[in-house]
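In what follows, a single structure is set out as structure tokens and then discussed.
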Amino acid sequence: VYSQHPAFASLRDKNEAIRWKVAEALGKIGDPRAVPRLIIALEDTEKSVRWEAAKALGKIGDPSAVHPLIDALADDCVFVRGETIRALGRIGDRDAAQPLINALKSSDNDIRSKAAEALGKIGDTKALRPLMTIVKDGKSDTDSRECASGAVYNIINANITLQRLLKKYYTRLLCSNCFLRAGKISVRIGILKRYAFIGCRHCHGCLHFIKNVRQVIGLIGSNIEDH
């Protein structure tokens, strides 16, 4: 039977290289019946095995792995934490949203960037405000700000209610990158306090920021059902 497959026994092999190779193979196979054993592997003594187990769980995408992966965010290895964040983003369960929001406060640039990307995939609107805080923080590293910007854009695109709200607040702005005037079709606008971000169809660049916009929606990330 599958539960007695030799691969499972190999996850307990004394050789570290064999254990992580088995975890890698199980991720490629993608059978959810391997999830319980991979969850156990998240506590392996070797970081390479824990890293590969997290990666495999992300590839399989079984929701039962979400809470064990959340626990693995406390791993003492930054590389394991980073792969764990990516796995949670791939699975896309909203139970992971708040732990990933907490990860945005990490002192490690790569962890912040990965957390932002994962939140963009999960699509929970409560992540919008902390993501915009990173975007507006001039002291944050470029990668974190760009990942946070992309995550905000993805969350808005995936939320029909929020898109309908934003359509009421179209305006005409100049793209700060190519300086071409963007109309309703070529710009998406989301406003947090007195900042707006736009994605220009002309230059296909990152989101660009313009201060002192007259039309203010309010705080994106508040309960959009109230609007």
Side-chain angles (χ1 to χ4, degrees), residues 42 51 54-55 57-75 77-166 188-193 195-199 205-209 217-227:
L42 288 174
W51 181 89
K55 184 177 180 180
L57 288 168
K59 286 183 176 181
I60 295 172
D62 194 298
S64 66
V66 170
H67 288 282
L69 285 167
I70 290 174
D71 292 340
L73 290 175
D75 196 284
C77 175
V78 66
F79 299 110
V80 174
R81 294 200 301 274
E83 193 58 44
T84 299
I85 289 171
R86 290 184 63 190
L88 288 169
R90 285 171 177 162
I91 296 173
D93 193 295
R94 294 199 174 194
D95 282 353
Q98 189 57 55
L100 291 173
I101 289 172
N102 295 339
L104 292 175
K105 302 174 184 177
S106 172
S107 59
D108 186 276
N109 294 343
D110 189 56
I111 291 295
R112 289 199 304 275
S113 297
K114 283 184 169 63
E117 289 180 346
L119 286 166
K121 292 177 180 178
I122 291 173
D124 196 321
T125 56
K126 70 182 178 183
L128 286 169
R129 189 179 300 183
L131 286 168
M132 286 298 294
T133 298
I134 290 180
V135 171
K136 296 196 299 176
D137 183 6
K139 296 181 181 179
S140 293
D141 64 289
T142 302
D143 286 344
S144 294
R145 295 181 70 190
E146 289 184 352
C147 289
S149 297
V152 170
Y153 189 81
N154 290 338
I155 291 172
I156 290 176
N157 277 346
N159 190 291
I160 297 176
T161 304
L162 190 51
Q163 285 186 50
R164 289 173 179 171
L165 171 65
L166 295 178
R188 289 184 181 275
I189 303 171
I191 300 177
L192 179 64
K193 291 185 178 179
Y195 284 77
F197 65 86
I198 65 174
C206 271
L207 303 176
H208 311 292
F209 293 82
I217 293 178
L219 287 175
I220 290 182
S222 59
N223 188 347
I224 58 176
E225 301 298 337
D226 293 340
H227 292 275

Ala151 and Ala116 have their tightest heavy-atom pair at CB-O, 3.1 Å

Here the pair of heavy atoms bringing Trp51 nearest to Phe79 is CD1-O, 3.2 Å

When rounded to the nearest 0.5 Å, the distance separating NZ of Lys126 from CG of Leu119 is 9.5 Å

With side chains defined as the heavy atoms from C-beta onward, is the minimum distance between Asp141 and Ser113 less than 4.5 Å?
yes

Would you give me the side-chain donor-acceptor pairs under 3.5 Å for residues 57-72, sequence neighbours excluded?
{"from": "Asp62", "atom 1": "OD1", "to": "Ser64", "atom 2": "N", "distance (Å)": "2.8"}
{"from": "Asp62", "atom 1": "OD1", "to": "Ser64", "atom 2": "OG", "distance (Å)": "2.7"}
{"from": "His67", "atom 1": "NE2", "to": "Asp95", "atom 2": "OD2", "distance (Å)": "3.2"}

* Is a salt bridge present between Glu117 and Lys114, judged by a nitrogen-to-oxygen distance below 4.0 Å? -> no

Name the atoms and distances for all side-chain donor-acceptor pairs under 3.5 Å in residues 99-108, with sequence neighbours left out.
{"from": "Asn102", "atom 1": "OD1", "to": "Gln98", "atom 2": "NE2", "distance (Å)": "3.1"}
{"from": "Asn102", "atom 1": "ND2", "to": "Gln98", "atom 2": "O", "distance (Å)": "3.4"}
{"from": "Ser106", "atom 1": "OG", "to": "Asp108", "atom 2": "N", "distance (Å)": "3.0"}
{"from": "Asp108", "atom 1": "OD1", "to": "Asp110", "atom 2": "N", "distance (Å)": "2.9"}
{"from": "Asp108", "atom 1": "OD1", "to": "Ile111", "atom 2": "N", "distance (Å)": "2.9"}

For Arg90 and Glu83, the nearest pair of non-hydrogen atoms, with its separation, is NH1-OE2, 3.8 Å

Correct closest heavy-atom pair for Ile134 and Ala148 would be CG2-CB, 4.0 Å

In terms of heavy-atom contacts, Asp124 and Arg94 come closest through OD2-CD, 3.8 Å

When rounded to the nearest 0.5 Å, the distance separating CD of Glu146 from CG of Asp143 is 6.0 Å

Heavy-atom nearest pair, Ala118 first then Gly89, reads CB-CA, 3.7 Å

